[in-house]
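Starting off with a structure, shown below.
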Amino acid sequence: MTSPDGHPAVPLSGPRFQTEPAQLYREMRRDHGSVVPVLLDGDIPAWLVLGYRELHQVTGDPALFSRDSDLWNQWDAVPDDWPLLPMIGRKQPSILYTVGERHRQRAAMIGNALEGVEATELVGHAERFADELVDSFCDKGTAEVIGDYAMLLPLRVLARLYGFPDEEGPGLVTALNDMINGREGALAGQRHLAGSMQRLLAEKHAEPGDDVISRMLEDDSGFTDEEVMQDLMVMMAAGHQPTADWIGNSLRLMLTDDRFAASLFGGRHSVAEAMNEVLWEDTPTQNVAGRWAARDTLLGGRHIRSGDLLLLGLAAANSDPQVRVDGAAFTGGNNAFFSFGHGEHRCPFAAQEIAEVIARTGIEVVLDRLPDIDLAVPADSLTRRPSPWLRGLTSLPVRFTPTPVLGDAGR
């Protein structure tokens, strides 16, 4: 697959998505414009939408750019063991691939279930689990913040809100990471997650509780258990890994950028600013699959065929020079980023608020408990996971003065 001007399609893989994605997106934009021909695993062709305006157009027109994956004109070329099937599925009865009135009903079901989460309950769970995790390393003087903390906190909170037993957390973390990374183990991770969901649904049918899953099952719109299970998988994946990366990316910024040094001494305003800056400059969700063209059309000067897959380049659109004229300028409270999507398939506002509370609480607890926290390695030695989809650190080693374990009595 080549572009009309003869440039070859860009493989959506490789170390540069890990080491220098911003520069890679700039080169793509320079060589191809705002809509770039790319190749997925197995040389499956697609388009990556980099332009802010073009992405706004794609996500704002669900009739022309549909979420119905059955439209894809490449299904005959996709093998049964394709590693991206958990992310780009066919006939998956989840909210991601539902369109029209049925999608609106599902969005209402999920939104109502999430809005039933009490703010004080959410903060309480986040603080308690964050303190428990910090207790596991605070007296040692060193820690690896990603594996020991950020990768564990969102799922522990979500599991409690949704109704999962706490002991299932580690297995869910592994399964979700395997599924999201889209490599070896992706399909096995999806199966593990689906099995956990099925067991929990059966338990909540028999004994409902005050949790998100029970509220979803109470909805009277006639959704099957399979549909509810698929939506739960989407909610868990979308709520855990990006939030973990939001925590990790924000802490990295605060430990390496002098603009946020005040937060290390209790400056809560700086925590919020750092989190917002990350959503613009280092957003956890880099690229999303996707939308499918319902008919032949033009987008960014490209001839898009009916059934073509368009990938949403959220990170690249956030840095579009036509929107971010001064890319070095501080973003402040500007939240016009694409990090939560746009249009009717945007991340529900209740889900955004839950993610923000978990991430902010996680950061604040670390800074409160470890006030002199600092990087234990040179900043330029930090590495990212090799994924074009989500951007997060592989590790964040830190050092600090050992502090006492709080324990249940301290909390």
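Please read these numbers as outputs of a predicted model, since none were measured by experiment. Side chains are part of it too, since the values below use all heavy atoms of this structure and drop only hydrogens, waters and symmetry mates.
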Original post:
Do you know which two heavy atoms are closest between Gln57 and Leu298, and how far apart they sit?
Top reply: NE2-O, 4.4 Å

Original post:
Say you draw a straight line from CD1 of Ile146 to CG of Leu393; how long is it, rounded to the nearest 0.5 Å?
Top reply: 5.0 Å

**OP:** For Glu144 and Gly147, indicate whether the former's side chain and the latter's backbone hold a donor-acceptor pair under 3.5 Å.
**Re:** yes

Subject >> Mutual orientation of the aromatic rings belonging to Trp75 and Trp72 [parallel < 30°, tilted 30-60°, perpendicular > 60°] >> reply: perpendicular

**OP:** May I have the step-by-step check of side chain to side chain contact (heavy atoms under 4.5 Å, CB included) for Met216 and Ile110, ending in yes or no?
**Re:** CA-CA 7 Å; Met216 292 175 70; Ile110 292 173; 4.2 Å; yes

Original post:
How about Leu40 and Leu311: do any of their side-chain heavy atoms sit closer than 4.5 Å?
Top reply: yes

Original post:
What do you reckon, is CD of Glu118 surrounded by more than 12 foreign heavy atoms closer than 6.0 Å?
Top reply: no

**OP:** Give a yes or no on whether the backbone of Leu133 and the side-chain of Ser136 come within a donor-acceptor separation of less than 3.5 Å.
**Re:** yes

Subject >> Heavy-atom donor-acceptor pair, Trp246 side chain to Arg360 backbone, under 3.5 Å >> reply: no

Original post:
Would you call Glu101 and Arg104 a salt bridge, taking side-chain N to carboxylate O under 4.0 Å as the test?
Top reply: yes

Original post:
Would Trp292 and Asp68 satisfy side chain to side chain contact (heavy atoms under 4.5 Å, CB included), going step by step from the backbone distance to the final call?
Top reply: CA-CA 7 Å; Trp292 286 266; Asp68 183 359; over 6 Å; no

Original post:
What's the verdict on side chain to side chain contact (heavy atoms under 4.5 Å, CB included) for His32 and Leu50, showing C-alpha distance, side-chain angles and the deciding distance?
Top reply: CA-CA 10 Å; His32 299 279; Leu50 304 181; over 6 Å; no

Original post:
Do Tyr25 and Asn318 have side-chain atoms, one donor and one acceptor, less than 3.5 Å apart?
Top reply: no

Original post:
Once you round to the nearest 0.5 Å, how far does CD of Glu203 lie from CD1 of Ile213?
Top reply: 9.5 Å

Subject >> Heavy-atom pair with the smallest gap, counting every atom of Pro154 and Ala244 >> reply: CG-N, 3.6 Å

Subject >> Non-hydrogen side-chain atoms of Phe17 and Gln286 separated by less than 4.5 Å >> reply: no

Subject >> Arg102 to Phe223, cation-pi by 6.0 Å centre distance and 45° axis angle >> reply: yes

Original post:
Under 4.5 Å between any side-chain heavy atoms of Glu364 and Val271, yes or no?
Top reply: yes

Original post:
Side chain of Glu168, backbone of Pro165: donor and acceptor closer than 3.5 Å?
Top reply: no

Original post:
Have Ser221 and Gln105 got a donor and an acceptor in their side chains that come within less than 3.5 Å?
Top reply: no

**OP:** Would you give the length of the straight line joining atom NE2 of His125 to atom CD1 of Ile358, rounded to the nearest 0.5 angstrom?
**Re:** 10.5 Å

**OP:** Give a yes or no answer on whether the side chain of Arg215 reaches the backbone of Glu115 with a donor-acceptor pair at less than 3.5 Å.
**Re:** no

Subject >> Student check: side-chain heavy atoms of Leu84 and Ile44 closer than 4.5 Å >> reply: no

Original post:
For the residue pair Ile363 and Met254, what are the closest heavy atoms and their distance?
Top reply: CG2-SD, 3.9 Å

Original post:
Under a 4.5 Å cut-off applied to non-hydrogen side-chain atoms, are Ser339 and Leu314 in contact?
Top reply: no

Original post:
Is the backbone of Thr401 close enough, under 3.5 Å, to the side chain of Asp372 for a donor and an acceptor to pair up by distance?
Top reply: yes

Original post:
Do the ring planes of Tyr149 and Phe137 sit parallel (below 30°), tilted (30 to 60°) or perpendicular (above 60°)?
Top reply: perpendicular

**OP:** Look at Arg391 together with Asp245 and state whether they make a salt bridge at an N to O cut-off of under 4.0 Å.
**Re:** no

Original post:
Are the side chain of Ser381 and the backbone N or O of Pro378 linked by a donor-acceptor pair below 3.5 Å?
Top reply: yes

Original post:
Do any N or O atoms from the side chain of Asn249 and from the backbone of Asp282 form a donor-acceptor pair under 3.5 angstrom?
Top reply: yes

Original post:
So do the side chains of Thr361 and Leu153 get within less than 4.5 Å of each other, counting heavy atoms only?
Top reply: no

**OP:** With side chain to side chain contact (heavy atoms under 4.5 Å, CB included) as the test, would you mind laying out the steps for Ile354 and Val157 before giving the verdict?
**Re:** CA-CA 10 Å; Ile354 290 172; Val157 179; 5.8 Å; no

Original post:
If you look at every heavy atom in Val35 and Leu299, which pair is closest and at what distance?
Top reply: CG2-O, 3.6 Å

Subject >> Residues Gln352 and Glu356: side-chain donor-acceptor under 3.5 angstrom >> reply: no

**OP:** First locate atom NE2 of His103, then atom CZ of Arg67, and finally report the distance between them rounded to the nearest 0.5 Å.
**Re:** 8.5 Å

Subject >> Any donor-acceptor N/O pair, Asp135 side chain to Leu406 backbone, under 3.5 Å >> reply: yes

**OP:** Working to the nearest 0.5 Å, report the span between CD of Gln198 and CD of Glu226.
**Re:** 7.0 Å

Subject >> Taking every non-hydrogen atom, the tightest pair across Ala350 and Leu114 >> reply: CB-CB, 3.8 Å

Original post:
Within the distance-only criterion (no hydrogens, no angle test), does the side chain of Arg369 pair as donor or acceptor with the backbone N or O of Ala130 below 3.5 angstrom?
Top reply: no

**OP:** Would you check if Leu370 and Thr403 make a side-chain contact, meaning some heavy-atom pair closer than 4.5 Å?
**Re:** yes

Original post:
Where do Thr256 and Leu375 come nearest, in terms of heavy atoms and distance?
Top reply: CG2-CD1, 3.5 Å

Subject >> Gap separating the OG atom of Ser196 from the CG atom of Leu232, nearest 0.5 angstrom >> reply: 11.5 Å

**OP:** State whether the number of non-hydrogen atoms from other residues, nucleotides or ligands found under 6.0 Å of His56 atom NE2 is greater than 12.
**Re:** no

Original post:
Got a salt bridge between Glu132 and Arg128, using NZ or NE/NH1/NH2 to carboxylate O under 4.0 Å?
Top reply: yes

**OP:** Decide yes or no for Leu390 and Thr285: does some side-chain heavy atom of the first lie under 4.5 Å from some side-chain heavy atom of the second?
**Re:** yes

